[in-house]
Amino acid sequence: MTRVIGLISGTSVDGIDAALVDVVGSQTDLKIQLLAGQTFLYSPDLRSQILSVCGGAALSMAQLAALDDAIAQEFATAALTIQAKYDRAELIGSHGQTVYHRPALKGEMGYSLQLGRGALIAALTGITTVSNFRSADIAAGGQGAPLVPIVDAFLLAQPNLNLCIQNLGGIGNVTYLPSRENSPLKDKSVVSHWGDGILGWDTGPANSLLDLAVQHFSGGTKTCDEGGAGAALGTPCQALVEAWLQQEFFLEKPPKSTGRELFGVDYFNRCLVEASDYKLSPADVLATLTELTVASIVHSYQTFLPQMPDRVLLCGGGSHNLYLKSRLQAQLHSVQVLTTSEAGLNVDFKEAIAFAVLAHWRLQGIPGNLPQVTGASAPVLLGEINSCG
Ligand SMILES: Nc1ncnc2c1ncn2[C@@H]1O[C@H](COP(=O)(O)OP(=O)(O)OP(=O)(O)O)[C@@H](O)[C@H]1O
Ligand SMILES: CC(=O)N[C@H]1[C@@H]2OC[C@@H](O2)[C@@H](O)[C@@H]1O[C@H](C)C(=O)O
């Protein structure tokens, strides 16, 4: 058994999700127990600095180094706090904070930058820290994202059901897990007939545009559409959703990944201009942006999966949005929509748990990417090991 801390701050930049987990086994025999999960909010100053950098604000090298270290310090504090009441963790897997993601395109290598350097987290916590998880996959020609699908495979696959695990963070991503019925996965590796059937990609915006809309309409007093209550008062404009779905990203075949660089402030401002042509109320805009998330997910399943899943398990903050969930259920008809919490994996800490598992695999010398998901030329070891002394 290895006690590991997983840390991530996602594209919503809402704070650091920390998970303290006991990890047993490695892949086919992998078991995790979540001892504690906590979200540590960024200070408002740091959050607005990160958001402005994500939005393209220029930084000097000195400012970049200071931001990298400020984020690492907050990650280290989160790690020390979450394990305070427990026996010490042996390892940290820290994803860091993505501030720039340029996916691999047409033979050109991608670039992805996560701040919060692992060496400082290791020094401040005294715990070996694996960080910089995306760069080895990118160096192998991959998108560097999504990385969670292989962890989903070992924690959530079912013997008799084809599943989609749908993350609803700032950005959405899906993992498709064919049923393991005919391939009991006897070997220690995911490289098997069953493993080849696992798929995954970023589906587009989940909450990023919706959050921007709520902030815009509330004059900055609200950050998200709590429970989907705002959108539930409106009516989606299907003509706009259809038009927005023609955007290149939605039509592109996987492997594909995206971020706030595409689905950020500029995109939202264009949506707002187009919504004004239809004289939509604020509630209608929220409903229409929610419908874009729903339609982009359903359209990508219908277009890129070998068959529709039997069940969809939602995770990420958007799984608390009841209106979004009900619209997805309506559009997916007989496909059952549940959450990963209902399958035993906490919706709010699944990504943090995944980076704890990926760090554990890194120390065991087990590759963490799925080439058919990221587009990398081969399975590679993910992450740099920063030892503490
Ligand atoms: N109670 C709630 N009701 C509605 N939406 C919610 C609720 N709680 C969280 N959210 C949404 O979930 C978002 C955060 O989700 P999450 O923390 O999974 O994203 P992230 O990890 O930052 O993003 P990503 O997975 O893209 O990296 C918030 O920005 C908000 O829009
Ligand atoms: C560059 C980056 O940070 N991408 C995130 C983001 O958030 C959701 C989606 O876009 C996903 O592909 C990825 O994160 C998860 C943790 C992943 O790699 O699986």
Side-chain angles (χ1 to χ4, degrees), residues 6-17 37 39-42 47 50-51 54 93 95-104 110-115 132-135 137-138 142-152 165-175 200-215 222-232 254-264 286 289-290 293 314-325 339-340 346-355 357-358 368-370 373-374 382:
L7 302 170
I8 181 169
S9 173
T11 53
S12 307
V13 198
D14 48 353
I16 301 160
D17 292 331
T39 300
F40 297 84
L41 299 182
Y42 281 128
R47 178 167 196 259
I50 294 168
L51 283 171
C54 292
H95 171 270
Q97 173 70 62
T98 297
V99 289
Y100 183 67
H101 184 69
R102 188 193 70 202
Y111 189 90
S112 196
L113 180 60
Q114 284 72 44
L115 296 185
N132 200 12
F133 283 91
R134 301 194 189 274
S135 63
D137 180 83
I138 289 173
Q143 300 272 318
L147 298 179
V148 172
I150 189 169
V151 183
D152 286 341
I165 316 302
Q166 180 65 51
N167 174 50
L168 299 167
I171 298 299
N173 63 287
V174 65
T175 303
W201 59 83
D202 282 1
T203 50
N207 293 293
S208 63
L209 302 174
L210 200 52
D211 287 354
L212 287 166
V214 170
Q215 284 155 30
K222 290 185 184 167
T223 55
C224 82
D225 186 13
E226 187 65 42
K256 59 178 174 176
S257 63
T258 189
R260 299 180 73 94
E261 296 74 16
L262 180 58
F263 296 111
L286 297 184
L289 289 173
T290 305
T293 296
L314 303 179
C315 59
S319 61
H320 300 295
N321 183 326
L322 300 180
Y323 174 76
L324 171 51
K325 197 175 169 201
T339 67
T340 60
N346 187 299
V347 291
D348 295 314
F349 298 102
K350 190 172 84 64
E351 287 185 338
I353 292 167
F355 283 92
V357 171
L358 289 172
N369 63 332
L370 276 176
V373 169
T374 63
L382 299 183

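In listed order, ligands and their atoms are each counted from 1. Atoms considered below: every heavy atom in the structure, side chains included; atoms not considered: hydrogens, waters and symmetry mates.
- Residues Gln166 and Thr203 have side chains that bring a donor and an acceptor to within less than 3.5 angstrom of each other.
- For atom 29 (O) of ligand 1, the closest non-hydrogen atom on the protein side is Asp211 OD2, 2.4 Å.
- With hydrogens left out, the protein atom closest to atom 17 (C) of ligand 2 is Leu147 N, 3.3 Å, a heavy atom.
- Nearest protein heavy-atom neighbour of atom 27 (O) of ligand 1: Thr11 N, 2.9 Å.
- Within the listing of ligand 1, atoms 18 (O) sit less than 4.0 angstrom from a heavy atom of Gly316.
- For ligand 2, the polar-atom distance check against Asp202 finds a nitrogen or oxygen pair separated by under 3.5 Å.
- Heavy-atom minimum distance, Ser257 versus Pro103: O-CG, 3.2 Å.
- The two atoms that bring Glu261 and Tyr100 nearest to each other are OE2-CA, 3.2 Å, heavy atoms only.
- With no hydrogens or angles considered, a side-chain donor-acceptor pair links Asn173 and Asn167 at under 3.5 Å.
- Annotation: atom 8 (C) of ligand 2 to nearest protein heavy atom, Asn173 OD1, 3.5 Å.
- Taking atom 21 (O) of ligand 1 as the reference point, the nearest protein heavy-atom neighbour is Glu351 OE1, 3.3 Å.
- Within the 4.0 Å heavy-atom criterion, neither part of Ser257 lies near ligand 2.
- Protein heavy atom at the shortest distance from atom 10 (N) of ligand 1 is Gly317 O, 3.3 Å.
- Distance from atom 3 (O) of ligand 2 to its nearest protein heavy atom, with residue and atom name: Thr98 OG1, 2.6 Å.
- Every N/O-N/O distance between Cys224 and ligand 1 stays at or above 3.5 Å.
- Among protein heavy atoms, atom 13 (C) of ligand 2 sits closest to Arg134 NH2, 3.5 Å.
- No side-chain heavy atom of Thr39 sits less than 4.5 Å from a side-chain heavy atom of Ile16.
- Of all protein heavy atoms, the one closest to atom 2 (C) of ligand 1 is His320 CB, 3.5 Å.
- Among protein heavy atoms, atom 16 (C) of ligand 2 sits closest to Glu351 OE2, 3.5 Å.
- In this structure, atom 1 (N) of ligand 1 lies nearest to the protein heavy atom Glu226 OE2, 2.9 Å.
- Of all the heavy atoms of Asp225, the ones lying under 4.0 Å from any atom of ligand 1 belong exclusively to the backbone.
- For atom 14 (C) of ligand 1, the nearest non-hydrogen atom from the set Ser12, Ser9, Gly318 belongs to Ser12.
- The Val148 neighbourhood of ligand 2 comprises atoms 16 (C), 17 (C), 19 (O), with distances under 4.0 Å to a heavy atom of that residue.
- Of the protein's non-hydrogen atoms, the one nearest atom 23 (O) of ligand 1 is Gly170 N, 3.0 Å.
- Of the possible polar contacts, none joining the Thr374 side chain to the Gly142 backbone as a donor-acceptor pair under 3.5 Å is found.
- Counting protein heavy atoms only, atom 7 (O) of ligand 2 is closest to Thr11 CG2, 4.0 Å.
- For the atom pair Ile150 CD1 and Thr175 OG1, the distance stands at 10.5 Å (nearest 0.5 Å).
- At a heavy-atom distance under 4.0 Å, only side-chain atoms of Asn167, from C-beta outward, approach ligand 1.
- Residue contacts with ligand 2, taken as heavy atom pairs separated by less than 4.0 Å, involve Phe355 solely via side-chain atoms from C-beta onward.
- A donor atom on one side chain and an acceptor atom on the other are not found under 3.5 Å apart for Arg134 and His101.
- Of the protein's heavy atoms, His101 ND1, 3.3 Å lies nearest to atom 1 (C) of ligand 2.
- Counting only heavy atoms of the protein, atom 3 (N) of ligand 1 lies nearest to Gly227 N, 2.8 Å.
- Listed by atom number, the atoms of ligand 1 under 4.0 Å from Asp14 heavy atoms are 14 (C), 17 (O), 22 (O).
- For ligand 2, the atoms sitting less than 4.0 Å from at least one non-hydrogen atom of His95 are 3 (O), numbered in the order shown with element in parentheses.
- Of all atoms in ligand 1, listed by their number and element, those nearer than 4.0 Å to a heavy atom of Gly169 are 15 (O), 16 (P), 18 (O), 19 (O), 23 (O), 24 (P), 25 (O), 26 (O).
- A 4.5 Å side-chain heavy-atom check between Leu7 and Asp17 finds every atom pair outside the cut-off.
- Between Gly228 and ligand 1, a contact under 3.5 Å exists for no N or O pair.
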